[in-house]
Structure formats: structure tokens, C-alpha cells
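The structure appears below as C-alpha cells.
Because the structure is a prediction, the values reported are computed rather than measured. All chains are named by letter (A, B, ...) in the order of the sequence lines, taking the proteins before the strands, and each is independently numbered beginning at 1. These numbers come from the heavy atoms of this one structure, side chains and all, not from hydrogens, waters or symmetry mates.
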Number of protein chains: 4
Amino acid sequence: MPANPTRRSPTSHAAILSAAWDLACEVGYARLTVEAIAKRAGVGKQTIYRWWRTKDEILLEELDSRTSATLEFAHSGDIRADLRRQLTEVTKVLGSDEYAPYRGLIAAAQSDPELLRQIEQRIIEPRVDALVERVSQAQRDGQLRDDIAPRDVVELLYGPIYYRLLVRTRPLRVADTRHHLDLLFEGLSPGQAVKAAKAADVAQPG
Amino acid sequence: MPANPTRRSPTSHAAILSAAWDLACEVGYARLTVEAIAKRAGVGKQTIYRWWRTKDEILLEELDSRTSATLEFAHSGDIRADLRRQLTEVTKVLGSDEYAPYRGLIAAAQSDPELLRQIEQRIIEPRVDALVERVSQAQRDGQLRDDIAPRDVVELLYGPIYYRLLVRTRPLRVADTRHHLDLLFEGLSPGQAVKAAKAADVAQPG
Amino acid sequence: MPANPTRRSPTSHAAILSAAWDLACEVGYARLTVEAIAKRAGVGKQTIYRWWRTKDEILLEELDSRTSATLEFAHSGDIRADLRRQLTEVTKVLGSDEYAPYRGLIAAAQSDPELLRQIEQRIIEPRVDALVERVSQAQRDGQLRDDIAPRDVVELLYGPIYYRLLVRTRPLRVADTRHHLDLLFEGLSPGQAVKAAKAADVAQPG
Amino acid sequence: MPANPTRRSPTSHAAILSAAWDLACEVGYARLTVEAIAKRAGVGKQTIYRWWRTKDEILLEELDSRTSATLEFAHSGDIRADLRRQLTEVTKVLGSDEYAPYRGLIAAAQSDPELLRQIEQRIIEPRVDALVERVSQAQRDGQLRDDIAPRDVVELLYGPIYYRLLVRTRPLRVADTRHHLDLLFEGLSPGQAVKAAKAADVAQPG
DNA sequence: ACTTAACCGAGACGGTACGTCGTGTCTTGGT
DNA sequence: ACCAAGACACGACGTACCGTCTCGGTTAAGT
């Protein structure tokens, strides 16, 4: 971009971001069009192409600013309680219709490596890093097996959420997310349920 | 579709299916074009539109026939061994470049509820059913906690695979899938690793 | 046409002819379609293509049978009376909406020399020949200048009719045709009107 | 047409006009295609549809500019000389292959009343008006019967030309046009030829 | 205070692909 | 053999968006 950001019109900038997001919600990501964004935002097409390379980048920027709040991670001392809170939050957000464009972005990224890289970098990586750090702390505290790479924990935790998000066999629900979290800690092997459940009660009495 | 299937040309039918799949592999799902499929298959566009509503349906049909072989599920008596075998197979298939169009379909389905429904119905549901059945058997055999809904097990197993498939933070690898399977059975809580590992050794000495 | 006319279905034949003509009247020549003819006639497309090369040929055949009645030429002994009767008849027919497809044929013939040849041969030539013969007779009878080629008379007579038929600046009306006929005989030069009118009165007192 | 004419590209405009006319000459009006025009002109189809509703309008515009030169009418004082000159010119133009698309337009207008209206308005009417005026002048000068509506003269003059142009029974030739003109003035009645010829000699000794 | 250069809205431009319509040919099954 | 039905390869249709490219008009910075 050779454009000079100091002369950028904040009005148009904001109008484009929200026009893009709103349209994506209304007509669906696939039917989202640069021309429609320009019209809705009351903006020339050139103004869009001057600052963004694709419509994905617009949505990504808007997504970024909308989700920046969900970055911080609780450190209550109880790993399962902290994870429960975090995953609950994430589930609520991703399950809502206002975040439907996020699914569109993940989808588009399957055909656009550069977009995929940006999503990882700006949306996913920060959350994964925070999660990895919290998990490591839990391992040091003896609340989690220390023979596991934290990255694997991340995938076990987020996997089912994304699975439902994208495959939609069942709706994304907070209660299920919590249940999955318990199962993960307790394991699927028989004879561990009771012990595991007890441990959970101690950690999270509420 | 008012067309009469008995008059359908098998030559054109087959040519379209493989042209579509090959092109999707070559240029990527997003750049796949009905026009290009018609040209490659030596077929009129009308013939495509007569039998399929979208390019997605073509790919879905081809995907269906290509994966119909991976439907059966092993019943060795050892649930972890059977799951390992099955997930290994699935991981290999989904991770390969020849199945890249599948990712495109999942992506497109995010903007097309009807397509999503069809993918579930034709691709996902049969495998989930088989998996659910196998898990139920394992519960009756006492090889798996019987206080869990089999559907939840499915999501815990497939979740991480789809996560990597779509988010691509790390490549989809067979070894990781197996590792995740072990972690799932053993649980993440500390002090269960040794016991769980022992149980695994008994069940799967190889 | 390799088809064997003796096995031809008279029902389909007739249905096609009238379906074609009716459709041409309803939607206009340019929007006339072989497919629509087949549907309206309750006939397979092949049946049409087996017996006619183009839709023009269908219309031409129907035109031919509809106009075969206007072929005979009156021989009353008075050339101007005979011409008046004949041109009146032609004007009535060509000016009516039921013969609109004829204009379509003339139009199409501008881009299709073979069609033009057929129209001349089957529709125009017979009438021209009859007219030429009648004019020659009049010349022998001393009712018409004998230093003129009859073909030129034909063009002077039919010209204005076709002009209005195709250019449509003014509607094709019987009264105008008769007036033109008078002007033709009398000439445009000044000082001949009275004499000519007298001659006309003698020839056609009614 | 909501397009803004001040932003119109003169290059594309001109390229489209001549591409359309040239192609019409080369392949014939009926095989003329918007797609081919766009390709030949190096232009997007949309640019054509933005400024013209049909290919006819393109040809009409080009025809208009090509024939605008033949609008003026000679006033030598001798009506027959002036008509002879004018009809000669018209005959030459319409008979030439470079004006073949005009025939296509007349043809197409038979199925398109709006096009017919435009042809009359832009091509025919101006010439008819000029001719009517010249004829009226001649009537005032006593060179032509004054009991005739000039419009009728127009049709008697142009009729045979259009007849040959469209029906093509005989080629459109300058000599025939002149001959028809003489016959018109002299009339077809016997015994007038000599007198009429004399009058002509006086008026047009060349 | 006055250029002047970048921004802006608007939208025309050369393209690509869309999904539809009609062409003329071919095939199937019924009479 | 002819027929109704309609699938087929093909070509063109008119439309929707793409991303690039002028046009004036308006700001804001730098002289």
C-alpha cells in the first residue's frame, strides 16, 4: 500500500468496516461483494482497494477489533475453572450469529494461504499463546499432567468447538463445551469417572 | 430436477465428475469454474446444470464415491486399537492433497446450509453412526466409561483432526492423531498417566 | 431429405404448419422458435427437422397454401379495372395482421439467399408472371403504352405497396393503393390530370 | 440508459461502431453477434450494453453518421433533373455492398416496432421531408401536377427502389431507376409517351 | 495565503464467469 | 419407418463483479 495513512478518512474507514460486517451477516459471506460494501458505506470502490487487498482483510480487521476483548485469560489458580470460563466465553461468541462472518473467513482461508496465515497470526495465535502459557503454569502447579505438550492440549480443547462450528451436526452449546472439558480431564477409560468427578468437585464447587 | 435419469449419458456423467475433481485439485476449489469443468469434460454447460445445482454437488458426489470404501469399521475386540486404525485411515485421507477438494466443500458449506446438510448426510453421518455403534459396543464390553454419550466421544475424537484440517496451524499427521487418542483415554489430570498407560499396554501390546 | 413422404403423419404435418403460423403471429417472427413450434404442435423436434430445413420453410409452405387463392387474375377487358381489383386484393391481404409472418419472411430472406430464392419462386414469381401476362395483353389491346417492359410496370405497381408494408411510415390502405394506380397511369407531369381523369372515368365509371 | 455520457470513452465508442458495421458486412446481419463486436473492438460486452440496447441501435447510429452527407437536396430549378440526381445517389448507396447492413436493419425492424420507429425517425423521415419540400416547390413552379399530395409522390418514387432492394428479383441499377422516374412522369396511359417525352426534353435537354 | 498532492465519491472500462435459451443432432421406447 | 420425448455439444445471450482507471471536488501540508 503506497497510501499515506495520516490522510486517511476515519469516517470512510469506519463505514466500510461496519458495512462489510453487516452485509456479511445479512447475505452470507459468499454473497458479500466489494461493490455492495462500497454502496452501503457510501464510498468509492477505489477507497476500498486503496486500503485493503481483499474483502477478507476488511472482515479480518473488523473481527480483530471485535474480539480483542476476549484475549485476557483468567488466572484463578484453578486450571479447570479458568479453562471453563475461557471456553465458555469463546463458545458464546463463536456460536452467535453476529460472528457468522468468522466462519466465512475460515472457509475462505481454505483457498487462500495468505488469508489463513493472517487469521492464525491475528486471531488464533494470540489466544493459543495465552492458552499455552496458562496450561504450562498449570503443569508447574501440578494441576495437569506434565508429560503433555501444551499445544496438544489446545487442540484437544478447541477441536470439538471448531468441529461443531464448521460441521454443525449439533449446535454449539456452552453446556456441551463444559462437559467435553470434564471428559478431557477425566479420560475415556472406564473406572476413572468417579475419581475424576471428585477432583472436579474440589476444584470447582460452584 | 425434472430430468429423466434413465436417459442420462454415463460417459458425460463420469467425465464431469473426474474433470471437476481434478480441476479442483489443480487450481483450487475457489478457482474452480463450471465453464472449465464443461470444457475439460468435453461437455455442454447445460448438461452440468441439468443434473447438478452447483459445482459443490458435483464434488460431493465424487467425494462420496471416493470415500465409500472407508465406511466399514474394524471390530477387533480392542476399542483403542480399532479407533487408532480408523482415525489413522481418516487422517491419511484428509491430509492428502488428493482430498483437498473436501476442505473446499466444508468451506463452501459455511455459506450454503443446503450443502452443509448434504455433506453431513452423505459423508459425515454414516461415519459418525458407525463410530457411535462401535463406541457403544466398547461401553458394553467395559472398555469405555459408560456414562458418556457416544456422540460426545465422536466429537472429542474428530474435533482435533478437523481443527488441524481447517485451521492448519500444524500439519495433519498420523502420529499426532494417535497421541491425541491416547491422551483422550488417559485424561489430562495428573497422576492418571501411569495407570492409563498400563491399561493401554494391556489392551494394545503391539 | 431422405424421408419417405408416403409414411408421413398428416396430423403432425398440419399441426406443425398451423402452430408455426399462429406462434409467428402471436410472438412475432423473430421470437419464433422451433422448440416452441414442436411444443405447441405436440410434436418431437426431430419430426420438424425431418421434413423442413428451417422454420422459414414451414412458414413459407403455410403462406403458400394460404395465398394460393389470390393467384388468378381477372380479364374484364379493362386493364385499370383489373389491376385495381388485383392490387386491392393484395393490399387487403398483406395489410392484415394475419399475414404479418410474411413480412418476417421477407426480412429473414435478407440474410438468407436460399430463402429469398424460394420466396421469389413460390410466392412472387407466379403473381408477377400473371401480372406480366395481363399487362402484355393490355398493351396489345392499346390500353397501355407499348414502349414499356411489363416487368417495369410490375415494379411501379408493387413498389409502393411493399414500401409501405416494410417501412410502415403510413398504414397500407386500399384507397391509397387505388390512388397510386391512377397516378401511375396519368403521370406526374402537369396538364395531364384532366385528360387522364377523363380516361379513367370512361374505363371505370363505378 | 442511466449512464453518464460525459465519462464515455470516445475510443471505445468509435471502435464499437466500426467493428459492428464491418462485421455485419463480412458475416451478414443475421450472424452478427454482440460478443464478436466486443471482441473485434477490444471492448467488454458491458460497455456495449451500457450505451446501446441492441446491436441494431449500434448499426443504426453508424448508418446515420455514414449517410448524413446525402441529406441535402439539389434545387436546380428542374424537378426531374433534381430527382434524377437524388434517386441516382440513393440507388448507388443502397445497392452497394458496403450498405448491406441497412437491409439487415430494415429486416430486423419487421420484428421490432421500436427499431422501425427509430429508422423512420433518423434515416427515412429527414429524406422524405426534404423530398416533400422539393416536390411542393415543383408544384408551385408548375412543374408537377398540383392535385397530388407530395407524400404520394415520395412513395411512387421510392417504392420501386425498396422493392428491388428487398425482394431482389432484379439487381438495383441506376439506369432502371432513371427509367422508372421517366415513366412516372409520363404515365402509363397510351398516347402520352410522345408528349411527355417532349416535355422532358424541354426540361432536361442534357 | 497559496499551491499542490493525496484523498474522496462516482462510475466507465476490459475482462471472466455466470446460469439460461435455442440450435440442430442423436438416442430411446412406443405404435 | 415414423413418431413424442428429450438428452446432448455448442454458441450466444444479457448480467454481475472483478480490479484498474479516469474524472472533478475537497482537504490538509508545506512553502
Item to complete: Looking only at side-chain atoms of B:N4, point me to the closest of E:dA10, F:dA7, F:dC18.
Response: F:dA7

Worksheet item: Think A:R40 forms a cation-pi with A:W21, using NZ or CZ under 6.0 Å from the six-ring centre and within 45 degrees of its axis?
Response: no

Item to complete: Could you say whether B:P10 or A:T33 is positioned toward the 5' end of DNA chain F, judged by the nucleotide with the nearest heavy atom to each?
Response: B:P10

So, is [X] near the phosphate of [N], with a side-chain N or O under 4.0 Å from OP1 or OP2?
X     : N      : answer
C:R50 : F:dC3  : yes
B:S9  : E:dT27 : no
B:T47 : F:dA9  : yes
C:W51 : F:dC3  : yes

Roughly, in whole Å, what's the span from [atom1] in [X] to [atom2] in [N]?
X     : N      : atom1 : atom2 : answer
A:I48 : E:dA10 : CD1   : C1'   : 13 Å
A:R8  : F:dA28 : CZ    : P     : 16 Å
A:I37 : E:dG11 : CD1   : C1'   : 17 Å
C:L32 : E:dT23 : CG    : C1'   : 13 Å
C:R53 : E:dT25 : CZ    : P     : 11 Å
A:R31 : E:dG19 : CZ    : P     : 12 Å
D:Q46 : F:dG14 : CD    : C1'   : 8 Å
D:R40 : F:dA12 : CZ    : P     : 14 Å

Worksheet item: Closer to the 5' end of DNA chain E via nearest nucleotide, is it A:E35 or A:S12?
Response: A:S12

Worksheet item: Below 3.5 Å, does any donor atom in the side chain of B:K45 face an acceptor in the base of E:dG19, or the other way round?
Response: yes

Discussion item. Would the base of F:dC23 count as contacting D:R7 through its side chain, where contact means a donor and an acceptor less than 3.5 Å apart?
Written reply: yes

Practice prompt. Report the residues that fulfil side chain to side chain donor-acceptor pair (under 3.5 Å) with D:T67, sequence neighbours left out, ordered by chain and then residue number.
Written response: D:R127

Item to complete: Flag the pair B:V167 / A:I124 as yes when at least one side-chain heavy-atom distance between them is below 4.5 Å, and no otherwise.
Response: yes

Worksheet item: Any side-chain heavy atom of C:I119 sitting closer than 4.5 Å to one from C:L105?
Response: yes

Discussion item. Taking B:E120 first and then B:R117, would you say they form a salt bridge - that is, a charged N and a carboxylate O separated by under 4.0 Å?
Written reply: no

Item to complete: Output the residues of residues 13-28 of chain C in contact with DNA chain F, where contact means a heavy atom of the residue under 4.0 Å from an atom of the strand; sort by number or write none.
Response: none

Worksheet item: Just by distance, do the side chain of C:S65 and the backbone of C:E62 share a donor-acceptor pair under 3.5 Å?
Response: yes

Fill in: Main-chain N/O of A:S12 paired to A:S9 side chain as donor or acceptor, under 3.5 Å
yes

